[in-house]
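For clarity, every value in this text was computed on a predicted model and none was experimentally measured. Below, chains carry the letters A, B, ... as their sequence lines are ordered, and counting in each starts from 1.
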Amino acid sequence: MLDKTFDPKAIEEKHYQDWEEAGVFACDPNSDKVPYTVMMPPPNVTGSLHIGHALNHTLQDILIRYNRMKGKDALWQPGTDHASIAVHMVLEKKLHEEGTNRFKLGRKKFLEKAWEWKEYSGNTITSQLRRLGTTPDWERERFTMDEGLSKAVLKAFVKLYEGGIIYRAERLVNWDPERQTVISDLEVIQKEQKGKMWHIKYPVEGDVEQFITVATTRPETMLGDTAVAVHPDDARYKDMVGKSVVLPITGRMIPIIADEHSDPEKGSGAVKITPAHDFNDFEVGQRHNLQMISILDEHAQLVKEDFIPKEYQGLDRYKAREKILHELEDQDLIVEVETIKNTIPVGERSGVVIEPFMTKQWFVDTPTLAKPAAQAVRDGRTRFIPQQYENMYFAWVDNQIPWCISRQLWWGHQIPAWYDKDGNVYVAENEEDAQKQAGAGVTITRDDDVLDTWFSSALWPFSTIGWPDDTAELGRYFPGDALVTGFDIITFWVSRMMMFSLYIMDDVPFKDVYIHALVRDAKGQKMSKSKGNVMDPIDLIEQYGTDAVRFTLCAMAAQGRDIRLADERLQGYRNFATKLWNASRYCEMNDCLSHDGFDPSTAQYAPNQWIIHEVKAAAQEISQAIEGYRFNEAANAVYQFVWGTFCDWYLEISKPLLAKDSKAADEVRQTTSWALHQILILLNPFMPYITEELYAGFFKKDADDRLITAAWPEYSDNLSNEAAKTEMEWLQTMVGEIRSVRADMNVPAGAKIALLIKGANAQTQSRIESHKDVICKMARLSDISLTENVPAGAVQTIVEEATLILPIADIIDLDEERKRLTKVIGKLDADIQKIDAKLGNEKFVKNAPEEVIEEQKSRKEEALAKRTKLEQAVKQLQSA
RNA sequence: GGGCGGUUAGCUCAGCGGUAGAGCACUUGCUCGACACGCAAGGGGUCACAGGUUCAAUCCCUGUACCGCCCACCA
């Protein structure tokens, strides 16, 4: 006998081990089944999983389990990402605490530590995923820096280089002066802050009285100014264009140029141009062939060069700013200091203010790659679900700027480029090939830098299944069926997989991209480690059990809406697990655990025919919802069916049938068992543990028989039975009506009443005949009989054509009953009036579809008939 | 500045051209032999606001307000 309460902890580990040992997660490249592929977004090896991962992996697991049960050869490809810069953050913080840094430690030792960390973190993540009950093909687990994927990275780099897609160039990039590396545009976030704007006078050449005022938030960069720009149409400055100004402090002469970048509306209409330290100014510099003066080094300190005044050399950028402001003030060159709100670029991970910086870096020509990537989505070869996310994708992909892929870090894929002493570049998969290119005897050294993390993850959909080798898996599982991910990495990852996949594989990487909600904290904020508002899914699992956590996430995963996780929901779905547990317990107690040889299509009794019909309907609803990625609907459908239909009605109906040892009892036992079995299957993708446990206890045939590998049900048409459904809906209305009247009239719950029915037609009479026991039990009646005479002071209610009469004048308040009846009649009148208004509207009758009009008419008929009967009831009450 | 979402019961959220839904919370009654993590019956909503389309609008269109996000800009 099962315990009264379900204890998730007692069973989860046991089943997971059993599944894994049985090898049921594995795909089979030699199988003749239809393949179904989901590529797991590889979690970063930077610690542990958060609740967003739990959602992401739960949804993928539901898809995988469902398709596996549908008889497909399911591949869920797992793995982890090396997360170059994020791991650097973790390790460098540790080193800092130990009083050292990566440069003192050296590259080799640092990488050893990184690999140690990877082992530790990777194991944490995979064990957490196991606790979530997820079923990827662990045997195939990959890591973005393992041997095979590293080979793929080299191959891809060389191919892209040879195709002219990867190139090296000197550009202005986003420099993180603390991490000492370039970062991509996407890794820069704009942070709003209170700042100051200084309006500074630049003296015009040859005229001590004349000045041009420029405004800036970064006065220190004036040391690198190489022009002042005004708008070509700006009358104020027309005469000045072509002249020069004397740059204060340095005394350098810089030209006044005309460029549309300058906005006459803003400030004085003149703007200082510092091409080496501002992205817009860089563009202006290009247009006017201006000199570029880099005044900062990689630490964001002023360089020790002659064009920087001695006393400024080596100063930190902010110290330099103060000093410059002092000096300008002394020279009376500051016109105004304005307090403004502005945004400053900050490194997403380091939090340090980013410096635009001139360096030579490697780039991917994403503007070229993006075109086919955009087209593939426009053509529908890859579709986004929900579709609205296509906008986000297009917004990004249609406005590509070259992707800087080199990083001055150590943990990652070292760039396969070698240089000779003259700076010639040799790109090859290995040093031998590079040497061959360079020629014997030429000394070559490899580029120190590594690739942006997203370079290797962009190859994930094919590198994990063998590329560049021509493996069976590659042919079979590429392109994938579904990618499940959050919208926040459409730009980082999805678009880059699309671009690389189309270039390298000449195909899209996946057919569907399902974008799920973001799990937010109580305030609706995005969870992130830096904000410290992450929720640990393992804590929730400890508290509520894995099944409840999974079910909650699934039930809340409505398309296009974010999730704010609420404790009550988790409790509710934990209760649902307990409900199922107890329903099973009921089945166990009543010997409803066997249906060998039972053919549901031969069921004779209406309640059985009905629940069989309902099982089929629920299964269809669940299947369709999963296939449409409407996870919340799938969860609600199964919840509603199990609790609202099976437990609340079918099991309750079964009680009197089983108690009486009726003719139907045996069929009820088999049907109940069958239905429970179906429920376990249908619920398994959502709640894998409790269903597997119950299955093991009740239906397991042999050691190799598991629910996880059960076939998803396909029911034949002859299981549908509309007649039984109608009949049982009538029964539910009967019971509901009586219960409702009893409660309204405060009839003691224990009082058993003899129900009289007036005006029942033949069908109703026969239905009463067959379901008398059930109705009596459920509505707490002692008997049901037909009558034509209404006893005085009886309570009456109407079900279809029949009037139900409860002769309980002695235990109720007749005034109350009169009020109740009047209220019901009032409602009917309101309904009738509404319908009359519609039917009286010529336009409605002319334009509305026939069936709508008919529906209104029949609804009116019904209401009228009911009202007539109720009015009679009121009269009879009066005469009592 | 451009774009995308959201605004529905006290709370968290579904839904969607033809009489407003769920879970939780709330009220009332239940030791009805599976389950109080339960059973039964209830109360509770001008579906943000203003216009428009339609026989009919919570749903479609336009606009407004507030909230959130994405992209860009910010001398």
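- Taking A:Arg585 as the reference, nothing meets the side chain to side chain donor-acceptor pair (under 3.5 Å) condition, with sequence neighbours excluded.
- Judged by atom type and distance alone, A:Lys4 does not reach the base of B:C35 through any side-chain donor-acceptor pair under 3.5 Å.
- Checking the phosphate oxygens (OP1, OP2) of B:A41, no side-chain nitrogen or oxygen of A:Arg742 falls inside 4.0 Å.
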N/O contacts under 3.5 Å, protein versus nucleotides 51-58 of chain B?
from	atom 1	to	atom 2	distance (Å)
B:C55	OP1	A:Asn847	ND2	3.4
B:C55	O4'	A:Lys843	O	3.4
B:C55	O4'	A:Asn847	ND2	3.4
B:C55	O2'	A:Asn841	ND2	3.3

Write down the protein N/O and nucleotide N/O pairs, taken from nucleotides 24-27 of chain B, whose separation is under 3.5 Å; answer none if there are no such pairs.
none

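- Counting to the nearest Å, the C1' atom of B:G23 and the CE atom of A:Met556 are 10 Å from each other.
- Here the P atom of nucleotide B:C35 and the CH2 atom of A:Trp649 are 20 Å apart, to the nearest Å.
- Looking at heavy-atom distances under 4.0 Å, A:Asp648 makes contact with sugar-phosphate atoms alone, never a base.
- When distances are taken from the side chain of A:Ala583 to each of B:C37, B:A34, B:C30, the shortest belongs to B:A34.
- Nearest nucleotide to the side chain of A:Thr5, out of B:C32, B:C73, B:C37: B:C37.
- Atom C1' of nucleotide B:G5 and atom CD of A:Glu390 are separated by 16 Å, given to the nearest angstrom.
- Residue-level contact check: A:Cys647 touches the bases, meaning some heavy atom is under 4.0 Å from a base atom.
- Across all strands, A:Lys272 comes closer than 4.0 Å to no nucleic acid atom at all (heavy-atom distances).
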Verify salt bridge (Lys or Arg N to Asp or Glu O under 4.0 Å) between A:Lys857 and A:Glu861, making sure each step is shown before the conclusion. CA-CA 6 Å; A:Lys857 279 185 182 165; A:Glu861 290 301 311; over 6 Å; no
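- The separation between A:Phe698 atom CZ and B:A34 atom P is 14 Å, rounded to whole Å.
- Between the C1' atom of B:A34 and the CD atom of A:Glu652 lies a distance of 9 Å, rounded to the nearest Å.
- A salt bridge does not link A:Glu816 with A:Arg820: none of the charged nitrogens is closer than 4.0 Å to a carboxylate oxygen.
- Between A:Leu651 and A:Thr216, the residue anchored nearer the 5' end of RNA chain B, judged by the nucleotide with its closest heavy atom, is A:Leu651.
- Rounded to the nearest Å, the gap between the P atom of B:G44 and that of B:U27 is 16 Å.
- Residue-level contact check: A:Asn280 touches the backbone only, with heavy atoms under 4.0 Å from sugar-phosphate atoms and none from bases.
- In this model, a side-chain donor or acceptor of A:Lys655 finds a partner on the base of B:A34 within 3.5 Å.
- Using a 4.0 Å heavy-atom distance criterion, A:Ala577 is classed as making no nucleic acid contact.
- You'll find the side chain of A:Phe631 stays beyond 4.5 Å of the side chain of A:Leu553, heavy atoms only.
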At a cut-off of 3.5 Å, list every protein nitrogen or oxygen paired with a nitrogen or oxygen from nucleotides 45-48 of chain B, distance to 0.1 Å.
none

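- The base of B:C35 does not come close enough to the side chain of A:Arg585 for any donor and acceptor atom to sit less than 3.5 Å apart.
- No side-chain N or O of A:Thr491 forms a donor-acceptor pair with one of A:Trp396 less than 3.5 Å apart.
- Atom CD in A:Glu633 sits about 18 Å away from atom P in B:C13, given to the nearest Å.
- With a 4.5 Å cut-off on side-chain heavy atoms, A:Arg378 and A:Phe394 count as touching.
- Under a cutoff of 6.0 Å and an axis angle of 45°, A:Arg569 and A:Tyr544 do not form a cation-pi pair.
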Could you walk me through whether A:Ile611 and A:Thr645 satisfy the side-chain contact (heavy atoms from CB on, under 4.5 Å) test, starting with their C-alpha distance in whole Å, then the side-chain angles of each, then the deciding distance to 0.1 Å, before giving a yes or no? CA-CA 8 Å; A:Ile611 198 66; A:Thr645 304; 3.9 Å; yes
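- OP1 or OP2 of B:C71 has not a single side-chain nitrogen or oxygen of A:Thr491 nearer than 4.0 Å.
- A salt bridge links A:Arg218 and A:Glu355; the closest N-O separation between the charged side-chain nitrogens and carboxylate oxygens is under 4.0 Å.
- Listed by chain and residue number, A:Lys838, A:Leu839, A:Asn841, A:Ala848, A:Val852, A:Ile853, A:Gln856 satisfy the side-chain contact (heavy atoms from CB on, under 4.5 Å) test with A:Phe844 (two or more places apart in sequence, or in another chain).
- A donor-acceptor pair under 3.5 Å is formed between the side chain of A:Ser268 and the backbone N or O of A:Thr213.
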Applying side-chain contact (heavy atoms from CB on, under 4.5 Å), run through A:Leu580 and A:Met687 and close with a yes or a no. CA-CA 11 Å; A:Leu580 173 71; A:Met687 295 187 147; 5.5 Å; no
One pair to check against salt bridge (Lys or Arg N to Asp or Glu O under 4.0 Å): A:Asp225 and A:Lys272. What are the steps and the verdict? CA-CA 7 Å; A:Asp225 284 1; A:Lys272 70 196 258 319; 3.0 Å; yes
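- Positionally, the nearest nucleotide of RNA chain B for A:Val747 lies more toward the 5' end than for the other of A:Asn342 and A:Val747.
- For the pair A:Met222 and A:Ile324, the minimum side-chain heavy-atom distance is below 4.5 Å.
- Stem list for RNA chain B (at least 3 consecutive Watson-Crick or G-U pairs, distances under 3.5 Å): B:1-7 with B:65-71, B:10-13 with B:21-24, B:26-30 with B:38-42, B:48-52 with B:60-64.
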Evaluate the ring-ring contact (aromatic ring centres under 6.0 Å, His included) criterion for residues A:Tyr639 and A:Phe686: first the C-alpha distance (whole Å), next the side-chain angles of each, then the deciding distance (0.1 Å), finally the verdict. CA-CA 10 Å; A:Tyr639 180 95; A:Phe686 308 90; over 10 Å; no
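- A:Glu621 has its CD atom 13 Å from the P atom of B:G15, to the nearest Å.
- Residues A:His261 and A:Glu283 are not in side-chain contact: their nearest non-hydrogen atoms beyond the backbone lie 4.5 Å or more apart.
- As a whole-Å value, the separation of A:Asn391 CG from B:C69 C1' is 13 Å.
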